[in-house]
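First up is the structure itself, then whatever we jot down about it.
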Amino acid sequence: MLAMFMAAIEATIVATAMPAIVAELGDFSLYSWVFSSYLLMNAVTVLIYGKLSDLFGRKPILTIGIILFLIGSILCGLATSMEWLIFARFVQGFGAGAVMPIATTIVGDIYTKEERASIQGYLSSVWGISAIMGPAIGGLLVEFVSWRFVFWINVPLGILAIIGLYLFLHENIEKKKPQIDYIGAILLTIAVTAFMFVLVEGGVRWTWLSFPILFLIGISIISIIAFVIYERKIDEPMMPFELWSERSILIANLTSLTTGVILIGLSSFLPTFVQGVMEQKAIIAGLTLTTMSIGWPIASMISGKAILTIGFRTTSLIGGLSLVVGTTIFIFLSSENSPIMAAAGSFLIGIGMGLTLTAFIVSIQSTVSWNKRGVATATNMFMRNVGSTIGAALLGGILNSKIMQYFSDHGVKDNLNLDSTTTLLDQSKRSDLSEEARNLLQNGLEFALHHVFIFIFGFAIISFLLILFLPKSKRADT
């Protein structure tokens, strides 16, 4: 839990400090890469670490991951330019890829199937606590100390986690010569890296049909095909494809992909709606999102008990229904509504995430043997990461295109652009706008976000339909 907290708090605490970081280091054009570089390396390495933990044991691989994360954190705090900071975030993400899946896998190792369900709820509560504490700690450090301590605060946490691992985790690893799938690891890294570059830079630095984008798409497709062919031929693959032949694992992984889209969609665009359309302060926008982080751990605790009584399929179905109801609320959001309505939808999505994702992890870990548990857990988290990355690009593209469509339909395309909408997020700049300009911008943003929320609702429906295909008889205690 300590190792997971260190990685979980990173997202919220860094986001809070970013305005201060950019103000000192400059180069706002590289802003998104501070987050994308971390996400990229996290997604690329999560499967690799999962497999290595199956070969060498959880303790040494998790320790290496924490050490790399701490090295990256120290380098981040020493950054004197945005380029340095982005490189340090790559290092940080390289280590973070080990922390989440292996910490979750360790729980699968040291607890019985009956205990595992409720313990996964405790792990999920780490996310809720970090979501609430992250912005507060980040704000205090930036205001009273320095943004650099936002990164350095990880160091004592990581050291304590390593000490705890070596004092209390005892593993009996079967002594055999490991066969490491280097070629598979390289092919997967190339495929995911190229794909992430397409999603991050497509439509921003390069147009979608430009040569660099088409070239990267080609590289990604060729690499993933080569990866699948190669993995099917070798004895110790990075991703054992026989895992996907188990229906419960296949459905859990596909649903994690779709819920990843919902998660990033809510996190990215709900605060924008509350601030830009409802004209609420940033702290109110943050609170509407925090309710998801409250609902998630509560539902995870409930999910742990429910899995043992009503089975993981019924538990997942209730969670899927909560996702559908929560996203339905966002479709009906308007400038006239209270932020409480947005917070209610956010809370229901948190309930849905807690019920489904906890059930998936317990189901997967109960289905596979020890020597595949690491990679099976990592595969599920990998799919959620990919879903979040796809969602960020897809929903961001929808938002931008619909804003421009609104401006074009109202004949103001020459006077207003995408950057104009950012004035709605700054209270002082918003008050300087004429009433006509403010109404046009707000209506355009509301129109675009309404379409974004419809797409998020669509992914919630897909998630629910996928859950219907889960096997009926499977329970955590069988």
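Across Ser346 and Leu266, no two heavy atoms sit closer than the pair OG-CD2, 4.0 Å. For the residue pair Ala376 and Val368, the shortest heavy atom distance occurs at CB-CG2, 4.0 Å. Residues Thr356 and Gly320 come closest through the heavy atom pair CG2-N, 3.7 Å. Closest approach of Ser53 and Gly374 over heavy atoms only: OG-CA, 3.9 Å. For the pair Gly352 and Ser322, the tightest heavy-atom approach, listed with the atom from each and the gap, is N-OG, 3.6 Å. Nearest heavy atom pair, residue Ala448 against residue Ile403, reads CB-CG1, 3.4 Å.
In terms of modelled atom types and a separation under 3.5 Å, the side chain of Ser223 and the main chain of Ser220 share no donor-acceptor contact. Put simply, the side chain of Tyr49 gets close to the backbone of Phe94: a donor and an acceptor are under 3.5 Å apart. Judged by distance alone, with hydrogens and angles left aside, the side-chain atoms of Asn154 form a donor-acceptor pair with the main-chain N or O of Phe151 at under 3.5 Å. Side chain of Thr255 to main chain of Leu466: no donor-acceptor pair is present (N/O by atom type, distance under 3.5 Å, no hydrogens or angles).
Residue Tyr230 places its OH atom among more than 12 non-hydrogen atoms of other residues, nucleotides or ligands, all under 6.0 Å distant. Other residues, nucleotides and ligands contribute more than 12 heavy atoms inside 6.0 Å of the CZ atom of Phe453. Residue Tyr182 places its OH atom among 12 or fewer non-hydrogen atoms of other residues, nucleotides or ligands, all under 6.0 Å distant.
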Which is it for Ile307 and Ser303 under the side chain to side chain contact (heavy atoms under 4.5 Å, CB included) test, yes or no, and what are the steps along the way?
CA-CA 6 Å; Ile307 291 165; Ser303 180; 3.6 Å; yes
Working note: Cys76 + Leu85, criterion side chain to side chain contact (heavy atoms under 4.5 Å, CB included); need CA distance, chi angles, decisive distance, verdict.
CA-CA 5 Å; Cys76 284; Leu85 181 62; 3.9 Å; yes
Give the C-alpha distance, both sets of side-chain angles, the deciding distance and a yes or no for side chain to side chain contact (heavy atoms under 4.5 Å, CB included) between Leu25 and Trp147.
CA-CA 11 Å; Leu25 301 182; Trp147 62 261; 4.2 Å; yes
Kindly determine whether Arg384 and Met353 satisfy side chain to side chain contact (heavy atoms under 4.5 Å, CB included), including the steps that lead there.
CA-CA 11 Å; Arg384 199 194 319 166; Met353 291 290 180; over 6 Å; no
Does the side-chain hydrogen bond (donor to acceptor under 3.5 Å, both in side chains) test come out yes or no for Thr358 and Ser300, once each step is laid out?
CA-CA 6 Å; Thr358 302; Ser300 293; 3.2 Å; yes
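The shortest distance between side-chain heavy atoms of Thr379 and Ile249 does not fall below 4.5 Å. Counting heavy atoms from C-beta on, the side chains of Leu188 and Glu231 never come closer than 4.5 Å. Inter-residue side-chain proximity for Ile110 and Leu169 is flagged as met; some heavy-atom pair is nearer than 4.5 Å. No side-chain heavy atom of Ile190 sits under 4.5 Å from any side-chain heavy atom of Phe227. Within the 4.5 Å cutoff, side-chain heavy atoms of Leu399 are placed close to those of Leu449. The shortest distance between side-chain heavy atoms of Leu243 and Val375 falls below 4.5 Å. Looking at heavy atoms from C-beta onward, Phe459 lies out of side-chain contact with Ile456 at the 4.5 angstrom threshold. Counting heavy atoms from C-beta outward, Asn42 and Met100 have side chains that stay 4.5 Å or more apart.
To the nearest 0.5 Å, the span separating CG on Leu263 from CG on Leu357 amounts to 8.0 Å. Between atom NZ of residue Lys372 and atom CD of residue Gln365 there is a gap of 15.5 Å, rounded to the nearest 0.5 Å. Distance check, rounded to the nearest 0.5 Å: CD1 of Ile364 to CZ of Phe312 gives 9.0 Å. Atom CG in Asn380 sits 5.0 Å away from atom CG in Asn253 (nearest 0.5 Å).
Ring orientation note: the planes of Tyr38 and Phe69 are nearly perpendicular, at an angle over 60° on the 30°/60° scale.
Exactly one residue among Thr105, Asp109, Thr104 makes a side-chain hydrogen bond (donor to acceptor under 3.5 Å, both in side chains) with Arg373. That residue is Asp109.
Side-chain rings of Phe87 and Trp84 stay apart, their centers remaining 6.0 Å or farther from each other.
With hydrogens and angles left out, the side-chain atoms of Thr258 and Ser463 include a donor and acceptor closer than 3.5 Å.
Legend: residues meeting side chain to side chain contact (heavy atoms under 4.5 Å, CB included) with Ser210, ordered by chain and number and at least two apart, are Trp206, Thr207, Pro212, Ile213.
For the pair Glu24 and Arg148, the salt-bridge criterion is met [side-chain N within less than 4.0 Å of a carboxylate O].
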